[in-house]
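Here, residue 1 is the first one in the sequence, and each next residue gets the next number. Counting starts at 1 for both ligands and their atoms, following the listed order.
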Amino acid sequence: MSAPRGEFSSRFGFLMAASGSAVGLGNIWGFPTNAASNGGAAFLFTYLILAFALAYPALMAELIIGRHAKANAVTALRGLSTSPASRALGTTVGFAGMITVSFILSFYAIVSGWMMAYMLAAGADIVGADAFSSWLQTPGLTRDSLFTVVFMMLTIAVVVAGVKHGIEKWASRLMPSLVVILVALIAYVMTLDGAMDGLRLYLVPDFSRVADTGLLLSAMGQAFFSLSLGVGTMLIYGSYISKRENLPALGGMVTLLDIAIAVTAGLLILPAMMVALNNGIQIYDDQGGLVAGPGLIIAVLPALFEQMGSAGMLVGLAFFVLMTIASLTSSISMLEVPLSYMVETRSVSRRKAGVVLGAGIAVISLIIVFNFNVLFDLVVSLTTEYSQPLLGFFFAIFAGWIWNRNGILAEIKQGCEGAEHGMFWRIWPFYIRFICPLAILAVYVQMLFA
Ligand code: TRP
């Protein structure tokens, strides 16, 4: 039916690929700004609980289903089904996941394109190409379309090279570099005036916000997005893990890495914002809220770097290299979802599937670029706030209700001897059956009636 399946060559390779998927704009941009506008440490605290109690079990469901089936999401979910109704549900959820992740990639590529443009702009500043640099930093249809397409081409190039020689190889190179750049940037920003105010904003909780339903919603959305859940990304990465590996431990490490990098990124972004404020750059809007979303990273931070003179050029370059790396290791995991389906069920080559799908998604990106004000927020909100958690709900139903317990246990026991006596098996089945679906539903109900 298809070419032999890829497999990650080592535990390290899988960890880099999966944490590369998880760590992205959501960690370095989304998490810190969400924390800043939702009561600092109060958000951090809620997020940590949700990440371990809700996102980790959901991640495990995808990894276990994926490795068991050794197939794309549609085939995997259909394979678990026990009745015509659950087969139909499996097909629907698998397809909905592919569509959702394709739309997520279509907006992600636009933002990643900005990151690349700013990265080049910092390079242009360093060599004194001022006109080019200011073009790169001016929003425009030409610039945005160009960089969106370039970013998609990079994504396609890595993915078509294969699981081992594309995804694993690049993630293993890029993720360690990301950590080094992040830590170096934090060390530098901490020396600047105002940085301590940022730390205070981040780490001193405003507990009056904990009970806020908006905070809960944002924290859950953030956790699902950050761990790349609900759309089959982690399922397909799970399907490339060897049967010798201990799944609960691997999933735990991916969760920890993802959280650690989000929390660490907060140590960079919030202090940097306060340094900017200290230097007279506007970081609050007219309503007293933080400059929202895109404005923050591409308005506040570049203004800050510019004030820092020649050091600022290097810092700016390092920062946008960091963002580009984080984006690319995530975007490749998105494209892999529909690509694996096409390769495994339609017998097309990786190359052809990658180019066709990548080009199709790039066209959607361009439509969004040309109708930015109408479409961008709409696509972000439909995919990440509605579709993703809803699909996460159905993944939990498959793992908790449709697949039988013995099958799941047998899968976990491969690579994890004695799993039936362990902590994981004592807690997880209950979580995935009851807590995860109910918690997701509760948040939805709140969202609909809020
Ligand atoms: N988790 C990544 C981030 O934090 C983005 C991401 C990668 C993603 N794959 C995904 C989000 C699949 C949703 C679904 O930026």
Exercise for review: Flag the pair W114 / R143 as yes when at least one side-chain heavy-atom distance between them is below 4.5 Å, and no otherwise.
Suggested key: yes
**Study point:** E336 and R350 ion-paired at < 4.0 Å
**Key:** yes
Point to revise | Ion pair check, K70 and E7, cut-off under 4.0 Å | key: yes
Practice item. Could you find the nearest protein heavy atom to atom 4 (O) of ligand 1 and give me its residue, atom name and distance? Key: A22 O, 2.9 Å
Check your understanding: atom 2 (C) of ligand 1: which protein heavy atom is closest, and how many Å away?
Key -> S21 O, 3.2 Å
Study note, to complete from the structure: If you compare Q388, M334, E336 by their heavy atoms, the one closest to atom 6 (C) of ligand 1 turns out to be M334
Show which atoms of ligand 1 fall inside a sub-4.0 Å distance from at least one heavy-atom site of [X].
| X | answer |
| --- | --- |
| S226 | 1 (N), 4 (O) |
| S333 | 7 (C), 9 (N) |
| V231 | 12 (C), 14 (C) |
| I104 | 13 (C), 14 (C) |
| N27 | 4 (O) |
| S330 | 2 (C), 7 (C) |

Exercise for review: For ligand 1, find out whether one of its N or O atoms is nearer than 3.5 Å to an N or O atom of L25.
Suggested key: yes
Check your understanding: Does L227, backbone or side chain, put an N or O under 3.5 Å from an N or O of ligand 1?
Key -> no
Check your understanding: How long is the gap from CE on M253 to CZ on F14, to the nearest 0.5 Å?
Key -> 9.0 Å
Check your understanding: Out of curiosity, I28 CD1 to L185 CG, how far, rounded to the nearest 0.5 Å?
Key -> 9.5 Å
Review point. Any donor and acceptor pair, going by atom type alone, linking the side chain of R67 with main-chain N or O of E62 inside 3.5 Å?
Key: no
Check your understanding: Got a sec: does the CZ of F103 have more than 12 other heavy atoms crowding it under 6.0 Å?
Key -> no
Practice item. Measure S228 to ligand 1 on non-hydrogen atoms and call it side chain, backbone, both or neither using the 4.0 Å cut-off. Key: both
Point to revise | Y444 and Y386 aromatic ring geometry - parallel, tilted or perpendicular at 30°/60° bounds | key: tilted
Review point. Once the angle between the rings of W401 and F434 is folded into 0 to 90°, is it parallel (under 30°), tilted (30 to 60°) or perpendicular (over 60°)?
Key: perpendicular
Point to revise | Y108 to ligand 1, any heavy atom closer than 4.0 Å | key: yes
